[in-house]
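Since we're looking at a predicted model, the values are computed, not measured. Chain letters run A, B, ... following the sequence lines, proteins first, then strands; residues in each count from 1.
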There are 2 protein chains.
Amino acid sequence: MDSPARRKSTRTRPSKPPLGERAVVDAGLRVLRREGLDAVTMRKVAAELDTGPASLYVYVAQREELLRLMLDAVIATVPLPALPAPPPGDWRERLAGLITDVVHTLNAHPGIGRVSLGSIPTGPAWLDLFDRILGLLLAGGVDRQRAAWGCDLIALHIGAVTYEVAVAQPAHGDGPDALQGALESRHAQASIEDRLAALDPERHPHLAASTAELTAGPAAARLALGIEVLISGLAPS
Amino acid sequence: MDSPARRKSTRTRPSKPPLGERAVVDAGLRVLRREGLDAVTMRKVAAELDTGPASLYVYVAQREELLRLMLDAVIATVPLPALPAPPPGDWRERLAGLITDVVHTLNAHPGIGRVSLGSIPTGPAWLDLFDRILGLLLAGGVDRQRAAWGCDLIALHIGAVTYEVAVAQPAHGDGPDALQGALESRHAQASIEDRLAALDPERHPHLAASTAELTAGPAAARLALGIEVLISGLAPS
DNA sequence: GATGGTCGACGAACGGTGTTCGTTACGAAC
DNA sequence: GTTCGTAACGAACACCGTTCGTCGACCATC
């Protein structure tokens with residue numbers, strides 16, 4: 001379009017101010033909050049920083065590593081109880097509260113929880129969190145081995161719950177009329193309610209008798225049940 | 001290479017014998033067992049059937065739907081207890097056995113469990129399975145509402161557990177020297193053991209005191225713990 | 001037996017993805 | 001003032017899911 005002299009072709013801009021890992025992670029989080037996890041592509045994150053995808057690989061080995069760093073950055077925002085020893089209040093309540101906080105924080109960044117399912121998180125913020133969880137379990141008198149594996153179990157549950165929520169509400173932004181798109185595309189898998197309403201009481205007697213209970217209840221109550229089940233299942237009898 | 005007349009260019013072959021949804025799903029399962037979930041691409045599945053990717057869209061609306069069909073086909077192979085009423089043996093044991101069977105079956109198809117995390121499964125085989133699980137919970141005297149949500153919880157756990165296992169053992173095949181590749185690529189995230197060995201006892205006292213327990217134990221024992229925690233957490237006290 | 005119409009297998013292409021490579025500008029050290 | 005390592009960058013590679021229009025093969029009808 002412009003004259004060839006005007007061409008900025010290879011290497012025009014004077015190499016931007018340096019990025020840094022932190023800047024890359026923050027840009028990723030911005031894209032995540034705005035458009036959801038699937039939109040966190042190397043290209044979009046790079047565009048957020050007004051550069052090309054290749055530039056990100058100086059600070060991040062892979063997309064997956066970027067996601068791990070983002071996940072840890074999110075977990076780092078969860079307020080943790082003070083270290084030395086938790087006040088002696090009911091350990092179950094304290095643990096349930098902590099897990100609830102984590103889940104809510106993760107849900108504010110839709111989909112990021114999936115990353116924790118891929119590999120047991122080992123970032124610094126996760127280690128802090130695990131230590132508190134383990135401490136609470138031990139304080140509750142849970143067997144050492146059971147507490148250790150319980151820690152794992154809780155992390156797994158957190159990942160699963162936050163992943164599921166993210167799929168239910170596909171992303172918030174994604175530009176204008178995202179809701180429209182989410183509804184009309186998707187090839188319309190029959191909803192769970194429809195499936196439950198249509199099932200044969202002969203073949204699925206229990207499901208048919210419980211349709212109301214299966215679809216009932218606010219998400220918060222379901223979340224609370226899951227956490228309660230985990231804790232009371234782990235607690236010493 | 002050959003003479004232009006030999007060219008099969010556009011539309012040479014006489015349109016193959018028809019495929020059918022079943023054939024597509026089976027081909028997908030073959031690729032899955034051989035190379036893992038990520039390798040189940042429309043192109044690879046099509047190649048398995050000696051055709052092009054476009055041909056699959058006659059039987060399957062999307063890749064995601066193909067995966068759902070594959071998941072249901074796998075679940076259909078789990079033997080279920082007879083319908084009318086389960087023998088009165090301990091419902092906990094029966095339920096634990098059922099869940100264990102499901103997990104093992106899913107683990108034989110690495111990664112497919114992830115699909116169930118994406119959306120609550122509503123395929124026929126899953127409905128059968130849910131009905132049995134719900135029946136066992138109700139037989140155990142679990143409250144109706146709690147049993148219904150517990151069903152959900154168990155499905156979530158199954159998905160999470162099978163997803164995690166799949167990532168740990170990235171695929172079996174993937175061609176020659178898959179193990180070599182898995183080790184040298186991956187950009188070598190520090191292993192959990194290394195991380196645990198390196199942590200600061202001041203900052204993470206409980207983790208540091210439990211490294212042995214955290215890494216200990218066969219996978220089967222961890223799986224059993226998770227199932228036991230869920231069941232005893234759901235059971236009426 | 002010829003004919004018309006429907007179904008689906010197919011080639012090609014589009015717009016995206018993660019990642020790699022070699023080049024090159026910059027800032028600091030000498 | 002020159003050198004030199006670091007890192008931003010353009011371009012490209014090999015894939016991906018999905019769509020479009022074409023056209024061969026079969027089947028119901030005349």
What's touching nucleotides 14-16 of chain D from the protein side, N or O pairs under 3.5 Å?
from, atom 1, to, atom 2, distance (Å)
D/dC16, OP1, B/T41, OG1, 3.3

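Rounded to a whole Å, the CG atom of B/L49 is 14 Å from the C1' atom of C/dC10. Computed from coordinates, the B/L56 CG to D/dG17 P distance equals 10 Å when rounded to whole Å. As a whole-Å value, the separation of A/Y59 OH from C/dT19 P is 18 Å. The interatomic distance linking A/E64 (CD) with C/dT17 (P) rounds to 16 Å, in whole Å. To the nearest angstrom, P of C/dT17 lies 18 Å from CD of A/Q62. To the nearest angstrom, C1' of C/dT19 lies 15 Å from CG of A/L67.
When the ring-ring contact (aromatic ring centres under 6.0 Å, His included) test is applied to B/W126, the partners found at least two apart in sequence or on another chain are B/F130. A/S116 meets the side-chain hydrogen bond (donor to acceptor under 3.5 Å, both in side chains) test with no other residue; sequence neighbours excluded. With sequence neighbours excluded, the residues satisfying salt bridge (charged side-chain N to carboxylate O under 4.0 Å, His left out) with A/E48 are A/R30, A/R34.
At the phosphate of D/dC9, OP1 or OP2 sits under 4.0 Å from a side-chain N or O atom of A/S55. Contact annotation: A/T51 reaches the phosphate of D/dC9 (side-chain N/O to OP1 or OP2, under 4.0 Å).
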Per-pair distances, 0.1 Å, donor-acceptor, side chain in residues 215-227 of chain A, under 3.5 Å, sequence neighbours excluded:
from, atom 1, to, atom 2, distance (Å)
A/T215, OG1, A/T211, O, 3.2
A/T215, OG1, A/A212, O, 3.4
A/R222, NH1, B/D152, OD2, 3.2
A/R222, NH2, A/L214, O, 2.3

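With D/dA7, D/dT18, C/dG11 as the candidates, the nucleotide lying closest to the side chain of B/A54 is C/dG11.
Sequence neighbours left out, the pairs with a member in residues 103-129 of chain B that pass salt bridge (charged side-chain N to carboxylate O under 4.0 Å, His left out) are A/R203-B/D128.
Salt-bridge check for A/R22 with A/D26: passed, with a basic side-chain N closer than 4.0 Å to an acidic carboxylate O.
Closest-nucleotide positions on DNA chain D for B/Y57 and A/P53 were compared, and the one nearer the 5' end corresponds to A/P53.
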